[in-house]
Amino acid sequence: MDFCRFFWKGIIMNNNQIIDRSSVYDETEFARQMATPKQEDIPFAINGNLNYNTIVYPDSLEEIVYNAKDEYSPKDRYKVELKNSAIFLKQVLEKMTGDSVTMLSQTMYNGKKGIVLSVDKSVNTSRQGYILDIGEKAIKISSIFEQGVTNGIFNFLEDYLGCMFPAPDFDYIPNLSDIHLSKECICDEPEFMWRSVYTQSSEKMPNKWRNKDYLGWHSKLKLNGAGGDDTGNGCHSSFKYIPPEEYYKAHPEYFSLYKGKRVYKQGPVSGQLCWSNDDVYKIISEKLFKMMEENPDAHIWDVSQMDTWINRGVGCQCKKCREIDEREGSQMGSLLTFINRLADECAQRFPDNYITTLAYNYTVEPPKHIRPRKNVLIKLCLMPGNPASSYANPTEKWSKKAHDVVAKWGKIADNIMIWDYNVDYHGYFVPFPLINSMSENNKFYIENNVYAIFHQMAYETRAQDAELHAYLFSKLMWNRHTNVNKLAGKYMDIYYGKAAPYIARYYNQVHSNVQKYGQPLYIYAQPDAYRNGYLSAKCLKEYTKILNDALEAVKGDRELTKRVQREMLGILYVKAKKISFNKKERNEALEEFYKICKENGITDIMEGKPDYLDKFYKKTKKQIKTVITPDTDTTVAISQAIKYGLKKKR
C-alpha cells in the first residue's frame, strides 16, 4: 500500500539508476498539495489550527509502574513504547502546524474530534498490524496489541503527513499549516511478523530496549527485533545449557566425537554436543522448560549449535549421530531430530512457545525426510551470501547456494527466519552497496515461506551507509511493494539537502562498477580484493571527485557537511588500507579518516576488535612509512608488491 502524497518535480537522471532521482522532493510543493482538498477530503488542519487537536490513549497506559531501581517493569515494555509514541505524535503535530495538542485517557475523552489510539482485543489484526480509520469525527488507530498501535502511529506520520525518519538523530517533519486527508479505513499488516536490522543505529542503544523510554529509531522504523523482543535467549546456545567447564571432565560423551575423540574444541572453532545422547536431552529439556516457567512473557527459545566457520567444524561423528545424518543427507538430521523431540514436549507444556535452531554452515542443508515441527523456527543463515547478486536469479556461486537452501527449506518448514549478512565484517567502512538486490531478495523470501528476517550489519558502530540501508530494509520488510529506488531518492533529498545529487551519483556509480566488474561482495574481504574492480585507483579517483563536489555543495552548513563527511569514510578507509606506493595519498586519507571517526565517536571499524580505531591508525601509519617506493629501490618494491598481492603492470 502507498498512501503517500509526496510531490516530485524535475528530471535529474534515468529511472534505471539504483537511486532514482528522476523527480525531486520539494516541501513547498508538497505543502501546497496537502492544502488542496480533493472531493470529500477531511480538513485535518486549517491555517495552522488542528481540527483533531486531541490525542486519546488507552486507560491501560496509566497503569505503567516502576520497579525498585526506578526503571520500567519489563512487563510494561510495549505500554511504555506506545505512551511515548503518543507523546511523540503530539510533539510532531505541534511542530508541524504550530497548534497545541491535548492528551487524554479514554476515560477522560469528551468525544470531540481527535486521534483515538485503541488497544482492542476484538479487532481483526495481528500483534504487529493495525487498523487506521480516518473519519469526520475521529481518526482511529487500533490493534489487538500495543505495538500494533505504535506501528500505526508511525505509518500515519510517514504515509499521510509526509514525515520521514532517516536516521536515529534526525526526524524530518514538514511545515504544514493546511492539511486535508481522504476518508478511508484500512487494515495494514507487515509482510514479515519479525523484522530486524541489526545495526548500532537501530538496535544497540543504552540498554537492551533501544533507549530508556523504549522509544527510538527502532520503533520509528517499526522493527521488532526479528523476535528479539519476545525471545528468552540468544543463539549458539548449546554450551550455555551444558558448559564444557562444568560437564566435560566427568562426561566427555556429552560432546561431539571428532577425529576419534570426544572434544568441545575442533581446532580453531568450537566443538558441538552429541545430539543423540539421552542425558544431553534430559539436561537441556529440564533447564529449558524451567526457564520457560520463570519467563512466561518470552515465547521464543533457542537451542542451537555453537559457532563455526565455513568448512571448519562439523557435528558429532558418533555412530548414532552419523547414522541419522547419513540417512538424511545432512548433519542437520541429528540436530533436527533432537529439536523436534524438544518441540513435541514443548507443545504439550507450553503450547504458545517456539523452539528455534540454526541452519548454519555444516547444518545449512535441509534433511531429506525429517520435517521441522510447526512450533520450530529455522534460523537459516545465508553465509556468506553475495549482496551483489540476486538470490532470486543468482549469477554466482554463493548467491546460487543461497537460492538453493532458501528454496529447499521453504518446501519443508513452516517457520523460517533468514539470517542475512549485509556488511564487510573485516572493514565496516568498505563501500558495500545493497540496494540493487534488496527488493528482489525480499520477494524471493516471501515466496519461500519466510516470515522473519534478521539483517545483520555492523552492530557496534554507524558503518558505511548503515542508516540508508536500515531505513530501506525496514520499509521492504513491512511492504514488499515499496519502491526502494524512488524512496532512496527522497531519502537523499531530505537527508543530504544540496549534496543529494552528488551522494546519489556516488552511490549509483559504486553500484554500476560492482555490476560492471562482476565481482561478488564478500563479507570478509579486504579492499585489495577489489583493486582491479570497483575499488580500483581509477574508480576511487572518480568517487573522490563526486564526494568533494558534495562537500562543496553544502559548504557552510555544519550538519550537512558532517553527513557528507561520514559518507566519505568508505573511500578514505579504502585509500588508507590499500597497499599503494603513493604514500602521500595514503597518509592524507588515513589522517582524514581518523579525524572524521573521532569527531563522530566511531571507534569500532571491524568485527571482533572493539575500540580498534587507534590501533588501526598506528598500524597503518607504520605500514605506510615502511613501504619502499619504486624510485628508491625497484627490486625491493616489486618484491613488496608480490608480498601484498599486487599484480605487475604490463
Tell me the closest heavy-atom pair linking [X] and [Y], and the distance in Å.
| X | Y | value |
| --- | --- | --- |
| V123 | I144 | O-CG2, 3.1 Å |
| P37 | H180 | CB-CD2, 3.5 Å |
| C187 | T125 | SG-CG2, 4.3 Å |
| S439 | T482 | OG-O, 4.1 Å |
| L521 | P433 | CD1-O, 3.5 Å |
| G427 | Y573 | CA-OH, 3.7 Å |

Quick check: does any side chain N or O of [X] sit under 3.5 Å from a backbone N or O of [Y], one acting as donor and the other as acceptor?
| X | Y | value |
| --- | --- | --- |
| R480 | E191 | no |
| D465 | L468 | no |
| Q519 | A529 | yes |
| T54 | T102 | no |
| T544 | L540 | yes |
| D99 | L50 | yes |
| Q128 | G148 | no |
| T461 | I602 | no |
| H426 | Y524 | yes |
| N508 | I19 | yes |

Name all residues meeting the side-chain contact (heavy atoms from CB on, under 4.5 Å) criterion together with S118; count only those two or more places apart in sequence or in a different chain, and write none if there are none.
Q106, D120, S142
Sequence neighbours excluded, the answer for side-chain contact (heavy atoms from CB on, under 4.5 Å) partners of T561 is L551, V554, Q565
Ring-ring centroid check [X] [Y], cutoff 6.0 Å:
| X | Y | value |
| --- | --- | --- |
| Y451 | F192 | no |
| Y391 | F444 | no |
| F165 | Y172 | no |

Using 4.0 Å as the upper bound for N to carboxylate O, is an ion pair formed by R32 and E29?
yes
Salt bridge flag under 4.0 Å for residues E146 and K79
no
Using 0.5 Å steps for rounding, measure from the [atom1] atom of [X] to the [atom2] atom of [Y].
| X | Y | atom1 | atom2 | result |
| --- | --- | --- | --- | --- |
| E607 | M457 | CD | CE | 14.0 Å |
| L181 | I134 | CG | CD1 | 5.0 Å |
| M492 | E567 | CE | CD | 6.5 Å |
| I523 | D420 | CD1 | CG | 9.5 Å |
| I571 | C539 | CD1 | SG | 9.5 Å |
| N485 | M438 | CG | CE | 10.0 Å |

Could you verify whether a donor N or O on one side chain and an acceptor N or O on the other, from [X] and [Y], lie under 3.5 Å apart?
| X | Y | value |
| --- | --- | --- |
| Y491 | E467 | no |
| Y130 | D188 | yes |
| D41 | S182 | yes |
| N513 | Y543 | yes |
| N151 | W478 | no |

Worked verdict on S389 versus E396 for side-chain hydrogen bond (donor to acceptor under 3.5 Å, both in side chains):
CA-CA 7 Å; S389 172; E396 170 275 338; 5.2 Å; no
Take atom NZ in K475; do more than 12 heavy atoms of anything else shown fall under 6.0 Å from it?
yes
Does atom NZ (K113) have a neighbourhood of more than 12 heavy atoms from anything else shown, all under 6.0 Å?
yes
Derivation of the side-chain hydrogen bond (donor to acceptor under 3.5 Å, both in side chains) call for N224 and Q147:
CA-CA 9 Å; N224 65 336; Q147 197 171 32; 4.8 Å; no
Tell me, please, whether Y495 has R563 positioned over its six-membered ring: NZ or CZ under 6.0 Å from the ring centre and within 45 degrees of its axis?
yes
Distance under 6.0 Å and angle within 45° of the ring axis: does K490 meet both against Y25?
yes
Determine the sole option in L161, I179, N49 for which the side chain to side chain contact (heavy atoms under 4.5 Å, CB included) test with T97 is passed.
I179
Side chain to side chain contact (heavy atoms under 4.5 Å, CB included) between L569 and F593: does it pass, once the steps are laid out?
CA-CA 6 Å; L569 284 174; F593 176 80; 3.5 Å; yes
Please list all pairs meeting salt bridge (charged side-chain N to carboxylate O under 4.0 Å, His left out) that have one or both residues in residues 164-179, counting only residues at least two apart or in different chains.
D169-R462, D171-K220
Apply side-chain hydrogen bond (donor to acceptor under 3.5 Å, both in side chains) to the pair Y198 and N422, showing each step before the final yes or no.
CA-CA 10 Å; Y198 195 40; N422 302 116; over 6 Å; no
Would N393 and E440 count as a side chain to side chain contact (heavy atoms under 4.5 Å, CB included) if you check the C-alpha gap in whole Å, the side-chain angles of each, and the deciding distance to 0.1 Å?
CA-CA 9 Å; N393 298 289; E440 200 167 6; 2.3 Å; yes
Can you list everything that forms a salt bridge (Lys or Arg N to Asp or Glu O under 4.0 Å) with K379? Sequence neighbours excluded, please.
D302
Partner residues of E136 under the salt bridge (Lys or Arg N to Asp or Glu O under 4.0 Å) criterion, sequence neighbours left out:
K183
Run the side chain to side chain contact (heavy atoms under 4.5 Å, CB included) test on I131 and S143 for me, step by step, so that the C-alpha distance in whole Å, both residues' side-chain angles and the decisive distance to 0.1 Å come before the verdict.
CA-CA 6 Å; I131 291 175; S143 175; over 6 Å; no
Find out whether V574 and L572 are in side-chain contact, i.e. whether some heavy atom of one side chain is under 4.5 Å from a heavy atom of the other.
no
Any chance you could lay out the side-chain hydrogen bond (donor to acceptor under 3.5 Å, both in side chains) test for Y160 and E184, step after step, and finish with the verdict?
CA-CA 12 Å; Y160 289 84; E184 57 190 348; 2.9 Å; yes
Look at the aromatic rings of Y507 and H469 and report parallel, tilted or perpendicular, splitting at 30° and 60°.
perpendicular
By ring-ring contact (aromatic ring centres under 6.0 Å, His included), Y530 pairs with (sequence neighbours left out) Y534
Using the rule given for side chain to side chain contact (heavy atoms under 4.5 Å, CB included), can you reason through F154 versus L221, listing the C-alpha separation, both sets of side-chain angles and the distance that settles it, and then say yes or no?
CA-CA 8 Å; F154 289 108; L221 296 185; over 6 Å; no
